[in-house]
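Working notes for the structure below.
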Amino acid sequence: MRREFERLALLGALIAVFGELHPLWDQWGQRSQDASRKDLKGDHPVYQDGIPVGEEPEGSEDRSGWPTMTASALGRRSVARHVASYTAGQLTGTIAATRALGYRLPGRALLAGTVINAVTHAVIDRRAPLLWLAKRTGKLGYIDHCTAARVAEDGSVTAELSGPGTALMELDQALHRAINVSAAVVTVCLAEPRTRRRK
């Protein structure tokens, strides 16, 4: 019976660490540039700041010689950078918390939980799979209803589908946190029977 209690305690600790560190690394640990560019898609060329070639703002500096890439390539780079920092922060927190509680998780268990969170995080943050899932589950009305108004420097207002204050952001966060629970379960299952309390 003690072993079951220890497994439940470890599961609770991992769910807490994964879940509570999630907002820190998903929001505070994410570069502003990556947040605004990680869902870019398309074959059209853009500059590294996401501005499409040929659509430079009036009065902006000369961009001749600036490197360009496709919008999709910039989106993939941005999401990769974000997921790398998110994963490093979550992994560090997991190791610190479990060791502080007297556990040394096997590498394969840590790796499995980390990979589950990292890969799914990248997929969800590219937005197309999240929108596909929302469509399949009947959530498009919720997404259309809960957009955010963004006011530009010139005073113009646009509706934004993604980002803080939107239903898409809420669905994003809910899915990440549910996957964190699955990653914690897999980590605990793979940690047994090699997980032992330190003497």
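Positions are given from 1, in the same order as the sequence printed here.
Across all non-hydrogen atoms, the minimal contact from Ile143 to Thr147 is O-CG2, 3.6 Å. Residues Arg63 and Ser60 share a closest heavy-atom pair of NE-OG, 4.3 Å. In terms of heavy-atom proximity, Asp154 sits nearest to Ser156 at OD1-OG, 2.7 Å. Summarising the geometry of Ala183 relative to Gly113, their closest heavy-atom pair is CB-O, 3.8 Å, with the distance given to 0.1 Å. The nearest pair of heavy atoms linking Gln48 to Pro67 is NE2-CG, 3.5 Å. Nearest heavy atoms, Val46 versus Leu74: CG2-CD2, 3.8 Å.
Considering only heavy atoms from C-beta on, Tyr86 comes within 4.5 Å of His22 through its side chain. Using a 4.5 Å cut-off on side-chain heavy atoms (C-beta onward), Leu168 and Leu130 make contact. Two residues are said to be in side-chain contact when any heavy atoms from C-beta on lie closer than 4.5 Å; Tyr142 and Leu171 meet this criterion. Between Val53 and Trp66 the shortest side-chain heavy-atom distance does not fall below 4.5 Å. Residues Leu10 and Leu105 are in side-chain contact: their nearest non-hydrogen atoms beyond the backbone lie under 4.5 Å apart. Annotation: side chain of Tyr47 is not in contact with side chain of Met69 (no heavy-atom distance under 4.5 Å). Inter-residue side-chain proximity for Ile179 and His121 is flagged as unmet; no heavy-atom pair is nearer than 4.5 Å.
By the rule that hydrophobic residues join a cluster once side-chain heavy atoms approach within less than 4.5 Å of another member, Leu40 and Ile124 end up as members of separate clusters. A continuous path of ILVMFWY side-chain contacts below 4.5 Å connects Ile95 to Ile15, so both sit in one hydrophobic cluster. Grouping the Ile, Leu, Val, Met, Phe, Trp and Tyr side chains by contacts below 4.5 angstrom, directly or via other members, places Val79 apart from Leu161. Linking ILVMFWY residues whenever their side-chain heavy atoms come closer than 4.5 Å, directly or via other members, places Leu110 and Leu14 in the same cluster. When the side chains of ILVMFWY residues are joined at heavy-atom separations under 4.5 Å, either directly or via intervening members, Trp132 and Val123 end up in two distinct hydrophobic clusters.
For the atom pair Leu111 CG and Leu190 CG, the distance stands at 9.5 Å (nearest 0.5 Å). We find the CH2-OG distance between Trp28 and Ser85 to be 14.5 Å, quoted to the nearest 0.5 Å. Considering CZ of Phe18 and OG1 of Thr114, their distance stands at 6.0 Å, rounded to 0.5 Å.
Side-chain N or O atoms of Thr137 include one that pairs as donor or acceptor with a backbone N or O of Leu133 at under 3.5 Å. Judged by distance alone, the side chain of Thr92 and the main-chain N or O of Gly89 form no donor-acceptor pair under 3.5 Å. Under the 3.5 Å distance criterion, the side-chain polar atoms of Ser72 are matched with a main-chain donor or acceptor of Gly42. Between the side chain of Thr98 and the backbone N or O of Thr94, at least one donor-acceptor pair lies under 3.5 Å.
Look at Arg126 and Asp39 and you find no salt bridge, because none of the NZ, NE, NH1 or NH2 atoms lies under 4.0 Å from a carboxylate O. A salt bridge links Glu160 and Arg150; the closest N-O separation between the charged side-chain nitrogens and carboxylate oxygens is under 4.0 Å. Checked for salt-bridge contact, Asp34 and Arg77 miss the test: no charged N lies under 4.0 Å from a carboxylate O. Under 4.0 Å is where a charged nitrogen must lie from a carboxylate oxygen, and between Lys139 and Glu170 no such pair does.
Side-chain contact check for Ser162 and Arg127: at least one donor-acceptor pair (N or O, by modelled atom type) lies under 3.5 Å. Donor-acceptor pairing under 3.5 Å is recorded for the side chains of His176 and Asp172. Side chains of Gln90 and Asn117: a donor on one and an acceptor on the other come within 3.5 Å.
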(message) Does Val185 form a side-chain contact (heavy atoms from CB on, under 4.5 Å) with Leu11? I'd like the steps, not just the answer.
(response) CA-CA 6 Å; Val185 170; Leu11 178 63; 3.8 Å; yes
(request) Apply side-chain contact (heavy atoms from CB on, under 4.5 Å) to the pair Glu6 and Tyr103, showing each step before the final yes or no. (result) CA-CA 10 Å; Glu6 287 188 354; Tyr103 285 94; 3.5 Å; yes
(request) Any chance you could lay out the side-chain contact (heavy atoms from CB on, under 4.5 Å) test for Gln27 and Gln173, step after step, and finish with the verdict? (result) CA-CA 11 Å; Gln27 306 298 325; Gln173 293 299 296; 3.7 Å; yes
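Just one of Arg76, Arg37, Arg81, Lys38 meets the salt bridge (charged side-chain N to carboxylate O under 4.0 Å, His left out) condition when paired with Asp125; it is Lys38.
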